[in-house]
Q: 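Encoded as structure tokens, here's the structure I'll be asking about.
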Amino acid sequence: AASIHNVTATSEWEPAVPQEIALDSTASATNENEGTAVLAFGHTVGSGLNRILLVGVGQRNDSLERSVTSITFGGQALTKIAHQDRAGFGLYSRCELWYLVAPNIGTNTITITWDGNVAWKSGIAISYFGVNQTDALGALTQDGGCTDPASHTLVPERASSVIVDVIHTQDGLLTVG
């Protein structure tokens with residue numbers, strides 16, 4: 001059986017009142033065995049009110065610890081919420097979660113930059129409408145381990161919240177459920 005090497009970082013998002021949180025759009029990219037320090041891909045943010053952009057990052061490297069130093073969306077800097085590390089089996093894995101309140105409307109490039117070359121990396125962008133612009137972040141939980149299957153229990157603080165989770169696995173497929 002394949003060994004699962006997983007890390008997860010989760011955050012909760014508060015809605016703007018009285019509007020409900022609504023998914024805007026998603027985009028993602030993956031580079032395998034490329035060994036570069038940058039991953040870039042396009043994402044479109046719509047014109048809805050009370051926008052937020054979330055970017056989740058996963059990486060795996062051969063025994064070298066690397067961190068994301070910046071993420072931008074068309075030049076706008078995102079803020080890191082959290083990261084989770086996991087080293088073992090001769091590999092170093094990390095996932096990170098970043099956000100930007102009130103991102104510019106339109107299609108722009110998301111640029112993720114690391115502090116050195118990373119063998120395998122992926123990024124996903126998710127934008128939402130209807131998010132509280134002054135108090136967007138809720139509770140943060142983090143977990144890291146080597147379990148098969150990977151498991152993480154999430155409980156929202158409020159019924160109106162949206163939970164966003166980033167999980168990175170060394171190998172194997174993930175099934176939500």
Side-chain angles (χ1 to χ4, degrees), residues 6-31 37-60 65-86 93-115 118 121-144 152-169 174 176:
N6 61 73
V7 290
T8 183
T10 306
S11 189
E12 201 169 327
W13 302 91
E14 295 300 312
V17 178
Q19 193 174 7
E20 291 295 318
I21 296 174
L23 177 65
D24 173 30
S25 65
T26 64
S28 63
T30 299
N31 285 345
V38 175
L39 177 65
F41 58 99
H43 179 74
T44 302
V45 173
S47 60
L49 298 176
N50 300 312
R51 297 178 306 279
I52 196 165
L53 172 64
L54 307 170
V55 175
V57 180
Q59 73 177 53
R60 185 185 78 210
E65 184 175 331
R66 297 288 186 220
S67 300
V68 173
T69 56
S70 69
I71 299 180
T72 59
F73 175 67
Q76 289 182 286
L78 279 74
T79 301
K80 183 165 80 169
I81 298 169
H83 72 271
Q84 184 68 46
D85 300 310
R86 180 71 179 142
S93 295
R94 181 181 184 109
C95 69
E96 301 191 19
L97 185 59
W98 295 60
Y99 78 106
L100 173 63
V101 173
N104 290 332
I105 296 168
T107 301
N108 286 289
T109 299
I110 292 177
T111 304
I112 305 169
T113 305
W114 280 263
D115 61 1
V118 176
K121 53 195 162 295
S122 63
I124 183 167
I126 307 167
S127 49
Y128 290 94
F129 301 136
V131 175
N132 186 321
Q133 301 289 283
T134 57
D135 187 25
L137 298 176
L140 172 68
T141 63
Q142 293 179 265
D143 192 15
H152 188 72
T153 302
L154 306 172
V155 180
E157 287 181 343
R158 297 171 190 88
S160 59
S161 295
V162 170
I163 295 176
V164 176
D165 185 47
V166 177
I167 187 168
H168 167 73
T169 180
L174 297 175
V176 177

Q: Show me the side-chain donor-acceptor pairs of residues 100-114 shorter than 3.5 Å, one per line, residues at least two apart or across chains.
A:
residue, atom, partner, partner atom, Å
Asn104, ND2, Gln76, OE1, 3.3
Thr107, OG1, Thr44, OG1, 2.6
Trp114, NE1, Gln59, OE1, 2.4

Q: State, to 0.1 Å, how close Thr72 and Ala77 come at their nearest heavy-atom pair, and which atoms those are.
A: CG2-CA, 4.3 Å
Q: Short question: side chain of Asp115, backbone of Ser67 - any donor-acceptor pair under 3.5 Å?
A: yes
Q: Can you check side-chain contact (heavy atoms from CB on, under 4.5 Å) on Leu97 and Lys80, steps first, answer last?
A: CA-CA 6 Å; Leu97 185 59; Lys80 183 165 80 169; over 6 Å; no
Q: Looking at CD1 of Ile81 and CD of Glu96, how far apart are the two atoms once the value is rounded to the nearest 0.5 Å?
A: 11.0 Å
Q: What's the verdict on side-chain contact (heavy atoms from CB on, under 4.5 Å) for Ser127 and Arg51, showing C-alpha distance, side-chain angles and the deciding distance?
A: CA-CA 7 Å; Ser127 49; Arg51 297 178 306 279; over 6 Å; no
Q: Rounded to the nearest 0.5 Å, what's the gap from CG on Asp24 to CD1 on Ile21? Could you check?
A: 13.0 Å
Q: Just how far is it from atom OH of Tyr99 to atom CG of Leu78, taken to the nearest 0.5 Å?
A: 9.5 Å
Q: Identify the heavy atoms of Ala27 and Gly42 that sit nearest to each other, and give their distance.
A: CB-O, 3.2 Å
Q: Between atom CZ of Phe73 and atom CG of Leu53, what is the distance when rounded to the nearest 0.5 Å?
A: 6.0 Å
Q: Could you list the residues that satisfy side-chain contact (heavy atoms from CB on, under 4.5 Å) with Ala29, not counting sequence neighbours?
A: Leu39, Phe41
Q: Mind checking what makes side-chain contact (heavy atoms from CB on, under 4.5 Å) contact with Ile126, not counting sequence neighbours?
A: Leu23, Thr26, Ile124, Tyr128
Q: Using the test side chain to side chain donor-acceptor pair (under 3.5 Å), find all partners of Thr79 that sit at least two apart in sequence or belong to another chain.
A: none
